[in-house]
Amino acid sequence: MSEHRLFFAFWPDEATRAALEAARAGLFPLSGRPVEPANLHVTVAFLGGVEASRLERLAALAGPVAPFTIAFDRLELWRKPKVLTATSSQPAPRAAAIVDGLWQRLDRLGFARDPRPFVPHVTLARDVRSVRPGLRWTTVAWTVDRVCLVESTVAEAGVRYLPLA
Ligand code: 3AM
């Protein structure tokens, strides 16, 4: 029985990825481990280990959405998971509606939603315990136009996220 570790995500286009990288470069040196540039994303729904036979049905839930923009305009250090994140000071009702709609369909497929409220964020670095005061973050405007199904794989070089659909 083969399992895939899966999640749904907003996946950046190359321009957005480059903007995230450039904004993050202004934060170095950081105390933690920067997320691989190719792995930067917004998690929409985490599924965990899923049997291969279910991939097709899940992939059918990914796809285009009417475009909207989230301005990632602030930095937050989340102390418990020790992650440095880019978040938005504005509510993101469109993103929340997508997450709710997706979970309604996932619920019917037997997946259980994380009870924590959805906060759109980009994890920039892990194992961060503190940040220098006065760190400046440049706002990244991210236009979302699709939801991707992503597989988390582990290779010698570390964790790698691969969009499947
Ligand atoms: O987007 P971020 O970095 O917040 O932390 C993991 C990452 O989130 C999260 O799924 C994203 C892609 O790996 N994740 C990992 N295990 C998880 C779990 N058991 C989890 N989220 C919820 N429950």
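Note that ligands are numbered from 1 as they come in the structure, with each ligand's atoms numbered from 1 the same way.
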Provide, line by line, the atom pairs where ligand 1 and the protein bring an N/O atom each to a distance under 3.5 Å; else say none.
unit_1	atom_1	unit_2	atom_2	d
ligand 1	1 (O)	His41	NE2	3.3
ligand 1	1 (O)	Thr43	OG1	2.5
ligand 1	3 (O)	Thr123	OG1	2.7
ligand 1	3 (O)	Arg126	NH2	2.9
ligand 1	4 (O)	His121	NE2	2.6
ligand 1	4 (O)	Thr123	OG1	3.3
ligand 1	8 (O)	Thr43	OG1	3.4
ligand 1	13 (O)	Tyr161	OH	3.3
ligand 1	16 (N)	Arg5	NH2	3.2

Residues at least two apart in sequence or cross-chain that pass salt bridge (Lys or Arg N to Asp or Glu O under 4.0 Å) with Arg116, listed by chain then number, are Asp114
In terms of heavy-atom contacts, Asp73 and Trp137 come closest through C-CD1, 3.7 Å
The residue among Leu109, Val150, Leu6 that forms side chain to side chain contact (heavy atoms under 4.5 Å, CB included) with Leu47 is Leu6
From the list Val83, Leu30, Leu27, side chain to side chain contact (heavy atoms under 4.5 Å, CB included) with Leu124 holds only for Leu27
Grouping ILVMFWY residues whenever side-chain heavy atoms fall under 4.5 Å, the cluster of Leu162 otherwise contains none
By side-chain contact (heavy atoms from CB on, under 4.5 Å), Ala45 pairs with (sequence neighbours left out) Phe8, Leu102, Trp103, Leu106
